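Everything numeric in this text was worked out from a predicted model, so none of it was measured. Only heavy atoms go into these numbers, but all of them, side chains included; no hydrogens, no water, no symmetry mates. Below, read A as the first sequence line, B as the second, and so on, with proteins coming before strands; counting in each chain starts at 1.
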Amino acid sequence: MASNPYLQHLEPGENGSSSNVNPYTGKQFSARYFKILETRKTLPVYERRDELVKMTEENKVVVLVGETGSGKTTQVPQFLVDAGYAKDGMMVACTQPRRVAAMSVAKRVAEEMDVVLGQQVGYTIRFEDKTSQSTMLKYCTDGMLLREAMHDPELLRYRCIVLDEAHERTLATDLLMGLLKGVITTRKSPINMVVMSATLDAEKFVKYFENAPLLQVPGRMFPVGIFYLPEPAKDYFEHAISTAVHIHQNEEPGDVLCFLTGEEEIEEGVRRVTEEMVGTEKTLGPLKVLPLYASLPPDRQQRVFDPAPSSDIPGVSGRKIIFSTNIAETSLTIDGVVYVIDSGFSKQKTYNPRVRSEALQVTPISRASAKQRTGRAGRTRPGKCFRLYTEKAFKNDLIETSFPEIQRSNICNLVLQMKTLGIENLVYFDFMDPPAPETMMRALEQLHYLGALSDEGELSDLGYKMAEFPLEPELSKMLISAPNFGCSNEAVSIAAMLSAAGNVFLRPSGRQEEADEAKAKFQHPDGDHGTLLNVYHSYKQHNEDQNWCFENYLNGRALRSADNVRSQLERIMVKLDLDLVSVDYSDPNHFHYIARTIVSGYFMQAAYADRAAYLTVKDNQLVQIHPSSVLMSKKPKCLIFNEFVLTSKNYVRTLTNVRVEWLLDIAPHYYNPADMPKDSKIQLELERLIRQRESRKRARE
DNA sequence: GAGCACTGC
């Protein structure tokens, strides 16, 4: 590597050889290759390519900081391939937090390198592996590389690993950083890393990687003027509306992007601005006001990319105003935006380890997010950003960067993955920001109860199997025990339905009654898991007909995704030698087998009726049945819940009616009456059951 | 009698 004359093929004749030939394919370069090469050369990162390669030769880790438009994602991995980091069957990998990014960047880079996608350049994401024997450069999701590491902790197939968008601090990227920090010091064969981030956290990354050299690449951005409120806003939503209206009335042509927190607020914003601007088309020009959020169907999302409406009145031009969630901050980029309105808020997930509950809360954003939002106004020409808070608040009240995901999540699965990676001492693992100690203890405790960890904290055979599934540990445990209850086919379907993207049941406003009636047709007397199973079976009986979904108020996309997940789970079951068997539907008690299978994974998430509400076992939290549950009117004595959500009340959602006997039979180690809250109904019930069983046993003897 | 920021395996 040391004597390598870098980048031998980029210019025809540059290194004296006949380099009209692509060294990776042996074919003549196409005309398009040279055309794209010209545009590549204009990217800011292109000038720094020799410097980057030199730094990489001299250091195991390089931190590269580059703003949007620097070209780092497409160019840096290519520079490394050209510098010889993908020789002898070894690869360069570049991770992305999102699937679409991995796919679209790989496609672009394959064009730039004049190769067929899936050959020398490819990508790997869940459900799709577009790589081959000849792949030298692979784009993948961070979660996918982590999966690979679980079977090959030293990532021996890779000569160099590029972690892109590291500033987003996803769970997977955080774990990969910690893992690779160790691997680069212990692996016998050479390995290099490039950690790429947006400007803000540069110093933090440099410090974490023991003073790794830093390469800073300017972005290509136009200046954006920032305007603050003179006084704090009493109501950011009202300010957002009036600012949008003000821009349309007074500012030069250019589209508007307004950041709000959620669907309801966004739809309300769209309504309000549309109403207020009725009849102004002739004077102010045609206006299109559009919503943007993740749960919007793709065709409606796509509309934000349509050009602004055109105007045939001279001197007047059209404009579009987009009200969006955070999705436009990272995942989607809309060109043509000149004005940004920043409410200063977003919805963020918080996790409370004490009661194991998750909640979404409207939270002030960080300065890093504010800068990112502002940047969205300067992509095509100089822009303006209206921040709906004061300059003082920006400087003094906003935190520098948001808390990373690892400090806001249940890390049960992460801990299981760490164990599979062979990480011994979890508490001292070198995370850039460690999770809260209580969250870590909760995760270890939970995995121990599930049987994934031994008393000594070592990963059990069951734990290894659980880690194979792309599911939360409770669900993996449920699938692994399912063959013992004779219903693994049903369990796989339920698991797939639970982990499908998006809500299965649609409830469009104005047609809620019809939607509820449609749902009632699938209702299972024992609860929501059974109802989901009924829906899945019906969906398959109707040959996955999307019209049938629509008529029955079911989310066709979610069902398709569930079916996809189901096939993946089935493959893993086969791989792990777990039998795929179905219950005998002629047995009137057939659902009991399924319910007991659910208990085998979710025994820690049980609630027992107490006066008007329910108390969770052990944690003794007061909860209520979510009104969407089919058990809402039935109110069983004891139930298993899939999730605990904090909204207007403490709700448990997606429920199944179970018997206390099953809890005692399936999880006796958890249902020791002595561990239950003193004199609670569940404790008394457990004691009664145990006494009853003992006296029966004595009677038999 | 109600709520859905955003990802990922």
Euclidean distance, atom [atom1] of residue [X] to atom [atom2] of [N] [Å, nearest integer]:
X        : N     : atom1 : atom2 : answer
A/Glu329 : B/dT7 : CD    : C1'   : 14 Å
A/Tyr139 : B/dG8 : OH    : C1'   : 20 Å
A/Phe323 : B/dA5 : CZ    : C1'   : 18 Å
A/Leu498 : B/dG8 : CG    : P     : 19 Å
A/Tyr651 : B/dG1 : OH    : P     : 9 Å
A/Phe259 : B/dC6 : CZ    : C1'   : 13 Å
A/Leu360 : B/dC6 : CG    : C1'   : 9 Å
A/Glu128 : B/dC9 : CD    : P     : 11 Å

Ignoring hydrogens and geometry beyond distance, is a side-chain donor-acceptor pair present between [X] and [Y] at under 3.5 Å?
X        : Y        : value
A/Arg387 : A/Thr374 : yes
A/Tyr158 : A/Glu148 : yes
A/Glu265 : A/Tyr293 : no
A/Ser629 : A/Asp528 : yes
A/Glu165 : A/Thr173 : no

Between A/Asp516 and A/Ala294, which has a closest nucleotide on DNA chain B that is more 5'?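 Looking at DNA chain B, the more 5' nearest nucleotide goes with A/Asp516.
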
With nearest nucleotide decided by heavy atoms, which residue, A/Lys649 or A/Arg147, maps closer to the 5′ end of DNA chain B?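 Counting from the 5' end, the first nearest nucleotide belongs to A/Lys649.
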
Looking at [options], which one has an atom nearest to any side-chain atom of [X]?
X        : options             : result
A/Arg99  : B/dG8, B/dT7, B/dG3 : B/dG8
A/Lys349 : B/dA2, B/dA5, B/dG1 : B/dA5
A/Met144 : B/dA5, B/dC9, B/dG1 : B/dC9
A/Thr141 : B/dC9, B/dA5, B/dG3 : B/dC9

Would B/dC4 be called syn or anti here, given the cut-off of 90° from 0?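 Judged by the O4'-C1' to base torsion, B/dC4 sits in syn, the angle falling within 90° of 0.
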
Give one of base, sugar-phosphate or nothing for A/Ser648, where a contact means two heavy atoms less than 4.0 Å apart.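 Sugar-phosphate contact only - A/Ser648 comes under 4.0 Å of backbone atoms but never of a base.
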
Name the nucleic acid region contacted by A/Leu146, choosing base, sugar-phosphate or nothing; use a 4.0 angstrom heavy-atom cut-off, strictly under.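 Answer is nothing: A/Leu146 stays at 4.0 Å or more from every strand.
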
Side-chain donor/acceptor contact of A/Arg98 with base of B/dG8 under 3.5 Å: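 No, no donor-acceptor pair under 3.5 Å.
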
Any side-chain N or O of A/Thr647 less than 4.0 Å from the OP1 or OP2 oxygen of B/dG3?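 True: A/Thr647 side-chain N/O within range (under 4.0 Å) of B/dG3 OP1/OP2.
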
